[in-house]
2 protein chains.
Amino acid sequence: MNFQKRKQKILDQLNVSGEIEIKQLATELDISEITARRDLNQLALDGLLYRTRGGAMKVNPLDKPTDFVNKAAQNIEAKDSICRKAATQINDGDIIFMDCGSTVFRLCQFIKNKKIKVITNSLPVVYELQSSLVSLNIIGGEFDAERLAVHGTIAHEHILRYRAAKAFLGVDGISKKGLFANSEKEAAITTAFAQQSNYTYLLCDAGKIDRETYLNFADLSLVNAIITDADVNKLQSIKEQGIAILLVD
Amino acid sequence: MNFQKRKQKILDQLNVSGEIEIKQLATELDISEITARRDLNQLALDGLLYRTRGGAMKVNPLDKPTDFVNKAAQNIEAKDSICRKAATQINDGDIIFMDCGSTVFRLCQFIKNKKIKVITNSLPVVYELQSSLVSLNIIGGEFDAERLAVHGTIAHEHILRYRAAKAFLGVDGISKKGLFANSEKEAAITTAFAQQSNYTYLLCDAGKIDRETYLNFADLSLVNAIITDADVNKLQSIKEQGIAILLVD
DNA sequence: TCTTTATTGATTATTTTTGATCGAAATTAA
DNA sequence: TTAATTTCGATCAAAAATAATCAATAAAGA
């Protein structure tokens with residue numbers, strides 16, 4: 001049992017139980033206490049654990065589960081059919097914006113083989129398209145670890161320097177009163193993308209319709225079309241305001 | 001049983017069990033221990049495994065095997081010790097630049113638990129630090145799928161809007177004539193990072209010293225310090241130009 | 001065929017790792 | 001507060017792994 005293997009075991013246990021003791025470590029790995037101590041010290045030097053008297057503790061107590069992926073996992077079928085429809089609106093040569101919504105993310109799989117340019121602030125979108133035919137452009141700025149996307153002033157300014165034919169965006173809610181978001185940062189990005197594109201598509205599954213959350217950040221006129229799987233009756237009030245409705249097949 | 005066949009067997013076993021021991025290898029393949037050792041050393045040079053005392057381990061058992069990491073895997077031990085040294089130069093509260101070099105990438109593991117801000121144009125760095133204590137800032141612009149990093153005019157402008165205490169950068173070569181790169185895009189980014197930081201560290205393993213590749217893009221004075229595992233004698237001409245030399249422990 | 005080159009193994013010296021001991025420092029108990 | 005206990009780090013010696021050197025063998029080319 002060499003140092004590298006022990007190091008792994010130590011970090012494994014720390015990840016599970018959060019702490020470790022010298023004596024227990026020495027018995028478990030069948031090494032002397034001084035060696036156990038040396039191991040912990042070395043790992044502490046690299047900042048991989050926090051050395052305590054008689055043992056060690058985990059440094060980073062909580063690892064964020066990428067709740068984005070979880071969120072993205074909800075209602076996949078509906079989202080996929082929305083995105084399939086959205087993909088028909090995209091032609092080779094297009095330059096498009098994609099924001100960091102979970103529905104928009106599902107669009108990636110349908111455009112991988114298109115010769116287009118995608119401008120996005122979403123890290124998952126970048127990963128998904130990184131080795132595809134799509135040419136990528138990343139919005140820079142502060143990275144929001146919770147949303148896995150770039151936000152902030154610099155990001156906003158950065159978007160204003162680009163111009164795209166189409167934007168594919170998500171929101172947290174939509175009603176005849178307009179568009180709703182859960183955060184101001186996200187709302188600012190969505191607005192910027194919409195303003196800088198010639199035609200803006202809103203991708204929203206049935207659950208988003210008539211849902212009015214925290215922030216009413218824009219009028220319906222910000223977008224040109226809505227792609228949705230919702231019942232056409234529920235969309236009447238939106239349609240009346242001159243927004244095109246694209247229903248999934 | 002020639003080297004090629006042994007190499008295959010070694011890598012096979014590593015893929016299955018994740019580790020291998022010299023003694024076991026020698027018995028199993030009916031070769032002497034020194035030959036087994038030589039095999040492992042050679043494979044480690046190519047970055048195909050991580051040499052440990054008494055055996056070897058799979059390259060990055062914890063990390064995802066992206067193409068990039070494989071490239072980064074060359075000379076891991078040297079790069080890791082360089083980065084361990086580099087990490088000692090970083091304190092909580094620091095704002096630092098990190099570019100898209102493969103050595104710089106290895107720095108991530110040593111700074112995951114530091115409370116710092118990292119500004120980078122490298123996607124692997126973002127990926128690695130995305131769920132750490134580090135606060136991230138992404139340089140925006142055109143995404144270069146080959147280097148998995150952001151480059152171009154916008155990226156360059158974006159960097160100029162930031163200011164950091166320290167920059168940790170890589171190059172393709174360094175000699176008394178200055179710094180060398182394999183592409184103009186990369187050179188521009190490196191230069192920008194260096195100019196916008198108060199103190200610039202160059203991380204370069206021994207192979208980079210006195211290597212003069214395609215583009216001589218900057219004078220040595222662009223950087224303040226070099227962190228390297230190279231022999232001190234080879235660094236004399238660099239030291240004479242007033243660059244600080246930090247040798248690995 | 002002979003020569004050259006590369007590979008392998010044996011031997012030895014060096015380096016690294018490990019464990020034991022002991023005094024110092026920190027923690028706990030009185 | 002002091003005393004007892006535990007943990008710690010420094011030092012040193014033993015053990016293991018390694019690198020360096022050289023000779024033997026195998027392979028390749030002239």
Side-chain angles (χ1 to χ4, degrees), chain A residues 1-14 17-59, chain B residues 1-11 13-14 17-59 61 74-85 88 205-207 228-234 247-249:
Chain A
M1 178 85 68
N2 54 32
F3 173 62
Q4 285 87 351
K5 271 179 79 175
R6 292 203 305 269
K7 168 176 166 175
Q8 264 200 339
K9 292 215 177 227
I10 292 170
L11 293 179
D12 281 353
Q13 158 148 9
L14 273 185
S17 69
E19 57 186 23
I20 204 164
E21 279 185 15
I22 298 265
K23 283 185 192 295
Q24 173 230 340
L25 193 62
T27 327
E28 221 160 85
L29 301 187
D30 196 31
I31 52 178
S32 71
E33 290 189 19
I34 177 103
T35 302
R37 223 177 351 252
R38 277 196 274 241
D39 284 359
L40 294 188
N41 286 352
Q42 198 161 347
L43 289 169
L45 267 182
D46 288 347
L48 270 53
L49 50 76
Y50 191 89
R51 189 78 164 75
T52 61
R53 188 148 255 264
M57 282 171 57
K58 185 149 62 156
V59 190
Chain B
M1 178 84 65
N2 56 25
F3 175 60
Q4 311 300 335
K5 276 177 80 175
R6 292 202 307 268
K7 170 177 168 176
Q8 195 54 51
K9 288 214 176 226
I10 292 170
L11 293 179
Q13 159 148 7
L14 271 186
S17 69
E19 58 187 32
I20 203 165
E21 280 185 15
I22 296 268
K23 284 184 193 295
Q24 173 231 338
L25 193 62
T27 327
E28 219 161 86
L29 303 186
D30 196 31
I31 52 178
S32 69
E33 290 190 19
I34 177 121
T35 303
R37 216 169 3 246
R38 277 196 273 242
D39 284 358
L40 293 188
N41 285 351
Q42 195 159 349
L43 289 169
L45 270 182
D46 293 341
L48 271 51
L49 50 78
Y50 199 116
R51 190 77 164 75
T52 65
R53 197 144 255 266
M57 285 171 58
K58 234 204 281 211
V59 178
Q74 284 182 351
N75 235 344
I76 286 191
E77 283 114 287
K79 287 179 177 173
D80 278 2
S81 53
I82 288 170
C83 289
R84 193 171 290 115
K85 185 75 177 181
T88 65
D205 55 271
T228 182
D229 63 328
D231 193 79
V232 76
N233 301 323
K234 294 190 73 178
L247 291 176
V248 303
D249 304 314

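Note that the structure is predicted; figures quoted are calculated from it, not measured. Chain naming here is simple, since letters A, B, ... match the order of the sequence lines and numbering starts at 1 in each.
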- Message: Assuming nearest nucleotide by heavy-atom distance, tell me which of B:Gly54 and A:Gly54 is located more 5' along DNA chain D.
- Response: A:Gly54
- What residues in residues 34-41 of chain B put a non-hydrogen atom under 4.0 Å from any atom of DNA chain C? B:Ile34, B:Thr35, B:Arg38
- Closest heavy-atom pair, A:Leu25 versus A:Ala36, reported as atoms and distance to 0.1 Å, is CD2-CB, 3.8 Å
- Would you name the heavy atoms of A:Ile10 and A:Asp39 that are closest together and state the gap between them? CD1-CB, 3.9 Å
- To the nearest angstrom, the CD1-P distance between A:Ile31 and C:dT17 comes to 14 Å
- Message: Could you work out, with side-chain contact (heavy atoms from CB on, under 4.5 Å) as the rule, every residue matching A:Ser32, not counting sequence neighbours?
- Response: A:Ile34, A:Thr35
- Mapping A:Asp30 and B:Asp30 to their closest nucleotides on DNA chain C, which lands nearer the 5' end? B:Asp30
- Task: Please report, rounded to the nearest Å, how far the P atom of C:dA26 is from the CZ atom of A:Arg51.
- Result: 14 Å
- In whole angstrom, what separates B:Leu29's CG from C:dG9's C1'? 15 Å
- Task: Sorted by first residue and then second, give each salt bridge (charged side-chain N to carboxylate O under 4.0 Å, His left out) pair with at least one member in residues 22-31 of chain A; sequence neighbours left out.
- Result: A:Lys23-A:Glu33
- Considering residues at least two apart in sequence or located in another chain, which fulfil the side chain to side chain donor-acceptor pair (under 3.5 Å) criterion with A:Arg51? A:Asn41
- Task: List in chain and number order the residues that pass side chain to side chain donor-acceptor pair (under 3.5 Å) with A:Lys5, two or more places apart in sequence or in another chain; answer none if no residue qualifies.
- Result: B:Glu19
- Query: Near A:Phe3 CZ, under 6.0 Å, is it more than 12 heavy atoms from other residues, nucleotides or ligands?
  - Reply: yes
- Message: For B:Asp80, give me all partners under salt bridge (Lys or Arg N to Asp or Glu O under 4.0 Å), at least two apart in sequence or on another chain.
- Response: B:Arg106
- 4.5 Å side-chain heavy-atom contact, B:Leu48 and B:Leu14: no
- Evaluation steps, side-chain contact (heavy atoms from CB on, under 4.5 Å), between B:Leu40 and B:Ile20: CA-CA 10 Å; B:Leu40 293 188; B:Ile20 203 165; 4.2 Å; yes
- Among all residues two or more places apart in sequence or in another chain, which pass the side chain to side chain donor-acceptor pair (under 3.5 Å) test with B:Thr52? A:Asn2
- Can you give the first and last nucleotides of DNA chain D, 5' to 3', that have an atom under 4.0 Å from a heavy atom of chain A? D:dT6 to D:dA10
- Item | side chain to side chain donor-acceptor pair (under 3.5 Å) involving A:Arg37 - partner list, sequence neighbours excluded | none
- For the helix from C:dT1-D:dA30 to C:dA30-D:dT1, measure the angle between the helix axis at one end and the axis at the other, each built from five pairs, rounding to 10°. 30°
- Query: Would you call A:Arg6 and A:Gln42 a side-chain contact if the rule is heavy atoms closer than 4.5 Å?
  - Reply: no
- List in numerical order all residues of residues 18-26 of chain A for which some heavy atom is under 4.0 Å away from an atom belonging to DNA chain C. none
